[in-house]
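For ligands, and for the atoms within them, numbers begin at 1 and follow the listed sequence. Just the heavy atoms: all of them, side chains too, but no hydrogens, waters or symmetry mates, feed the values below. Because the structure is predicted, anything quoted here is derived from the model rather than measured. Throughout, residue positions are numbered sequentially from 1 according to the sequence presented.
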Amino acid sequence: MAFPKKKLQGLVAATITPMTENGEINFSVIGQYVDYLVKEQGVKNIFVNGTTGEGLSLSVSERRQVAEEWVTKGKDKLDQVIIHVGALSLKESQELAQHAAEIGADGIAVIAPFFLKPWTKDILINFLKEVAAAAPALPFYYYHIPALTGVKTVRAEELLDGILDKIPTFQGLKFSDTDLLDFGQCVDQNRQQQFAFLFGVDEQLLSALVMGATGAVGSTYNYLGKKTNQMLEAFEQKDFSLALNYQFCIQRFINFVVKLGFGVSQTKAIMTLVSGIPMGPPRLPLQKASREFTDSAEAKLKSLDFLSFTDLKDGNLEAGS
Ligand SMILES: CC(=O)N[C@@H]([C@@H](O)[C@H](O)[C@H](O)CO)[C@@H](O)CC(=O)C(=O)O
């Protein structure tokens, strides 16, 4: 396959993995979830089995099934389905990469292994290269999330330097960090390439757009995709004051929930509330969001006009109970 493939741009929802109250994966709602993203949020790209999807808390067999379900249900509806295949075991990562290619995914992404860690660029790139080689026809994205992997000694800028020599399928960076100097330098030093620069801190996306982000991957695009798309449009139209209003509005919500304690569990509760699709509880070690959290988040969403009473779907009142 010739590279680059069609460029990944715009919003990419970091999908939640829906679960039943018994902790099993609830495959039955994924079709509905695809339709919701496309029709209600205007989001046509997804990032599966990442942080929000609790990918590292799933078994390899579950990860394969989840990936397959999203690809199947997203066919002819979604633009791109990127599968996160990072794992502590190189073998598992390679198996997942190969599987992603077999099922027709549009790309794979990999985080740095985070238990026995690669401390230098060369070691990290050798690991990534071995995974990428297992799916030689698939675009490869490096998922930089140092706060969670603990791999803080390799800056993204350093990793990208000469990366095509090692990973010819490299097509972009998913940057989940607040270091805009590092992010900006990734863009600046690779202007001649066709890389996708996908920012992963939703509350700071506007700053990253100024710095050259070509798109964004995040958890809030599941339920604030429409609002964020309005911000992207204002930015595109060079109406920066309007774009800033949208970003501030989004920040008001994220700032509010962050103060209450915000993570994957809370994302599941909010998405259940907003979409009406039951996302279920998270898997241990995560704990289900409290009822108090969901009630407060709901009140905030309404006060910001992100959610009206008429948007409330049947059954969503149980979201955080
Ligand atoms: C640490 C974390 O979960 N970051 C989120 C953000 O979308 C984050 O939820 C948002 O910016 C709110 O802080 C994404 O970067 C994660 C992500 O894209 C993924 O699930 O793979």
Side-chain angles (χ1 to χ4, degrees), residues 8 10-18 33 37 41 43 45-58 63 66-67 70 80-87 96 100 105 107-112 114 141-152 156 172-180 182-183 196-209 213 215-225 227-228 231 246-271 274 279 282-283 286 289 293 297 300-301 306:
L8 180 54
L11 294 187
V12 183
T15 55
I16 293 161
T17 300
Y33 191 165
L37 287 176
Q41 298 296 339
V43 173
N45 301 299
I46 58 170
F47 188 86
V48 174
N49 288 337
T51 307
T52 307
E54 299 173 87
L56 276 307
S57 303
L58 307 180
R63 290 175 73 170
V66 170
W70 280 106
Q80 295 211 32
V81 179
I82 308 301
I83 311 291
H84 171 246
V85 302
L96 290 166
I108 52 170
V110 179
I111 51 167
F114 52 89
Y141 298 85
Y142 170 56
Y143 180 0
H144 183 67
I145 184 160
L148 289 189
T149 61
V151 178
K152 298 179 180 177
L173 170 70
K174 169 176 167 359
F175 191 93
S176 282
D177 190 39
T178 53
D179 184 347
L180 283 171
D182 191 16
F183 183 71
F197 293 103
L198 308 162
F199 197 63
V201 184
D202 313 3
E203 54 276 39
Q204 299 181 350
L205 176 56
L206 185 56
S207 322
L209 290 175
V217 185
S219 70
T220 65
Y221 309 136
N222 283 293
Y223 54 89
L224 295 182
K227 192 59 80 179
T228 311
M231 182 179 88
Y246 283 122
Q247 182 70 94
F248 280 158
C249 196
I250 291 162
Q251 280 193 347
R252 272 176 227 137
F253 178 70
I254 296 180
N255 194 40
F256 179 82
V257 288
V258 162
K259 283 183 187 162
L260 296 176
F262 179 70
V264 173
S265 314
Q266 289 70 27
T267 293
K268 286 188 128 165
I270 297 169
M271 182 62 174
V274 178
M279 294 295 145
R283 181 167 284 179
L286 297 181
F293 172 86
K300 192 69 181 172
L301 284 164
F306 287 168

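- To the nearest 0.5 angstrom, Leu198 atom CG is 10.5 Å from Leu11 atom CG.
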Can you give me a line-by-line list of nitrogen or oxygen pairs between ligand 1 and the protein shorter than 3.5 Å?
unit_1	atom_1	unit_2	atom_2	d
ligand 1	7 (O)	Asp202	OD1	2.9
ligand 1	7 (O)	Asp202	OD2	3.0
ligand 1	7 (O)	Ser219	N	2.8
ligand 1	7 (O)	Ser219	OG	3.4
ligand 1	9 (O)	Ser219	OG	2.8
ligand 1	11 (O)	Asp202	N	2.9
ligand 1	11 (O)	Asp202	OD1	3.3
ligand 1	11 (O)	Glu203	OE1	2.6
ligand 1	13 (O)	Glu203	OE1	3.3
ligand 1	13 (O)	Glu203	OE2	3.0
ligand 1	15 (O)	Ser176	OG	2.8
ligand 1	15 (O)	Gly200	O	2.7
ligand 1	18 (O)	Lys174	NZ	2.7
ligand 1	20 (O)	Thr51	N	3.2
ligand 1	20 (O)	Thr52	N	2.6
ligand 1	20 (O)	Thr52	OG1	2.6
ligand 1	21 (O)	Thr51	N	3.1
ligand 1	21 (O)	Tyr143	OH	2.8

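- Side chain of Thr52 to main chain of Val264: no donor-acceptor pair is present (N/O by atom type, distance under 3.5 Å, no hydrogens or angles).
- In terms of the salt bridge (Lys or Arg N to Asp or Glu O under 4.0 Å) criterion, Glu203 has no residue partners (sequence neighbours excluded).
- Checking Tyr143 against Thr51 by side-chain atom types alone, a donor-acceptor pair falls below 3.5 Å.
- With Asp202 contributing its side chain and Thr220 its backbone, the two residues share a donor-acceptor pair below 3.5 Å.
- Using modelled atom types, no side-chain atom of Lys300 and backbone atom of Ile254 make a donor-acceptor pair closer than 3.5 Å.
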